[in-house]
2 protein chains.
Amino acid sequence: MPDFERNEKELSFGRRLARLGAAWRRQVDNDLRDYGLTEATWRPVLYLGLLPPPVRQTDLVRALEIEAPSVGRLLDVLERRGLVFRSPDRADKRSKLVSLTDKGEHIARQVRHAVEAVSSRLLDGISTPELQACYSVFERIEANLYDRTGASAEVAGGPS
Amino acid sequence: MPDFERNEKELSFGRRLARLGAAWRRQVDNDLRDYGLTEATWRPVLYLGLLPPPVRQTDLVRALEIEAPSVGRLLDVLERRGLVFRSPDRADKRSKLVSLTDKGEHIARQVRHAVEAVSSRLLDGISTPELQACYSVFERIEANLYDRTGASAEVAGGPS
DNA sequence: TGCAGTTATTAAGCATGCAAACCATTTGCG
DNA sequence: CGCAAATGGTTTGCATGCTTAATAACTGCA
């Protein structure tokens, strides 16, 4: 391994995190490509199947941890493809309720399976204590992030 | 914590990775905003300071682990800002050599400092064994990724 | 009650990444 | 040698994220 690379590896735990996270997502994407779900579009579908209804767009924004305009655009796409539909919220005229269509429900199940399959494949051979060690490091990093910025949104959701 | 969230946390180690990686990068970005370096532009500058010259664009592509068109566009921006310049490669008329200007060199130092500072701040309070435990989990995950796909590019750089 | 501030959604525009298609050059092999 | 395949760069078009700002509706307090 060239020097600069070893150097980088020492420097950047963060780079490693991002790279692995991206690779992970790519795995799920791969499994779902057949359903026409590209990149990020499967996540709204997944969460629509997990969140307790009624689900407003804002609820999705919080669950997906992406910004409202991004969610809106994804829903436009999913609506056009007939996986979700939006209906007015009687209780609050500003908001819209989002639901899965039958087709959407069906696909949500596929998504769940794909996510679970990838997860168990990638974590194969890693013991629970090892995983927990990772989690505790992650939590420490999140705490360190939180420390200086003082912003609860730095890692969405903030410290648990 | 609501049920669906606990559920998600168990499901998606990958989500966690991506989120932390993004937060990490945001920290560096924050420190470098004053230098007019946004998001990804500081990385080419950093690597131009680390790679042994001469550096062709392809070398950057490999180091940055992003695709050639993305690198090209970033270099366009950096060139316009006077941080780098491209010169013809006598040895191979297809390729271009990329170098830092004096201004670029100066900024590269700031980038290095910022990266190191963020790294040491975020890893503060984490022991070497803990970190190593993480690394070994990461390596296992990479191996698992590599397993089925068989593609050396799945996590760029492949298994070490 | 009524206005000020907050919240939900959308619109517009930018930053970054990718993949596919294309050109110019270089390399390797029959 | 000479042509096919590989390699370095760029162009184009798309996917996804963000920020900022507009609009509509709700909420809370004087």
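Per chain, numbering begins at 1; letters A, B, ... match sequence-line order.
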- [ ] Kindly say whether A/Asp124 contributes a backbone atom to a donor-acceptor pair with the side chain of B/Arg140 at under 3.5 angstrom?
- [x] yes

TODO: Pick base, sugar-phosphate or nothing for B/Ser70, based on heavy-atom distances below 4.0 Å to the nucleic acid.
DONE: base

Task: Gap between atoms NZ and P, on B/Lys93 and D/dT10 respectively (whole Å) - done: 18 Å

Task: Nucleotide range of DNA chain C lying under 4.0 Å from chain B heavy atoms - done: C/dA15 to C/dT26

- [ ] Could I get the full list of side chain to side chain contact (heavy atoms under 4.5 Å, CB included) partners for B/Lys103, not counting sequence neighbours?
- [x] B/Leu83, B/Thr101

TODO: Is it possible for you to say whether A/Val77 and A/Leu75 belong to one hydrophobic cluster, with membership spreading through side-chain heavy-atom contacts below 4.5 Å?
DONE: no

Task: A/Leu74 CG - D/dC18 C1' separation (whole Å) - done: 13 Å

TODO: Assign each of A/Ile66 and B/Leu97 to its nearest nucleotide of DNA chain D by heavy atoms, then name whichever residue's nucleotide is nearer the 5' end.
DONE: B/Leu97

Task: B/Asp29 CG to D/dG17 C1', straight-line distance once rounded to whole Å - done: 13 Å

TODO: Could you check how far CG of B/Leu60 sits from P of D/dG9, rounded to whole Å?
DONE: 9 Å

- [ ] For A/Arg56 and D/dC26, give me the distance from atom CZ to atom P, rounded to whole Å.
- [x] 12 Å

TODO: Can you tell me the distance, in whole Å, between the CG atom of B/Leu75 and the P atom of D/dT10?
DONE: 8 Å

TODO: Would you tell me whether B/Glu130 and B/Ser127 have side-chain atoms, one donor and one acceptor, within less than 3.5 Å of each other?
DONE: yes

- [ ] Report the distance from atom CG of B/Asp76 to atom P of D/dG9, rounded to the nearest whole Å.
- [x] 12 Å

Open item on the list: Considering every strand and a 4.0 Å limit on heavy-atom distances, what is the contact class for B/Ser95: base, sugar-phosphate, or nothing?
Closed with: sugar-phosphate

Open item on the list: I need the minimum non-hydrogen distance between A/Arg112 and A/Leu46, along with the two atoms involved.
Closed with: CG-CD1, 3.5 Å

TODO: Return the nearest nucleotide to the side chain of A/Arg94; candidates are D/dG8, D/dG17, D/dA24.
DONE: D/dA24

Open item on the list: Less than 4.0 angstrom between a side-chain N/O of B/Gln57 and OP1 or OP2 of D/dT7, yes or no?
Closed with: no

- [ ] Could you label the plane-to-plane angle of the B/Phe13 and A/Tyr135 rings as parallel, tilted or perpendicular, counting under 30° as parallel and over 60° as perpendicular?
- [x] perpendicular

TODO: Flag the pair B/Arg16 and A/Glu139 as a salt bridge only when some basic side-chain nitrogen lies within less than 4.0 angstrom of an acidic carboxylate oxygen.
DONE: yes

- [ ] Starting from P on D/dT16, measure out to CH2 on A/Trp42 and report it in whole angstrom.
- [x] 12 Å

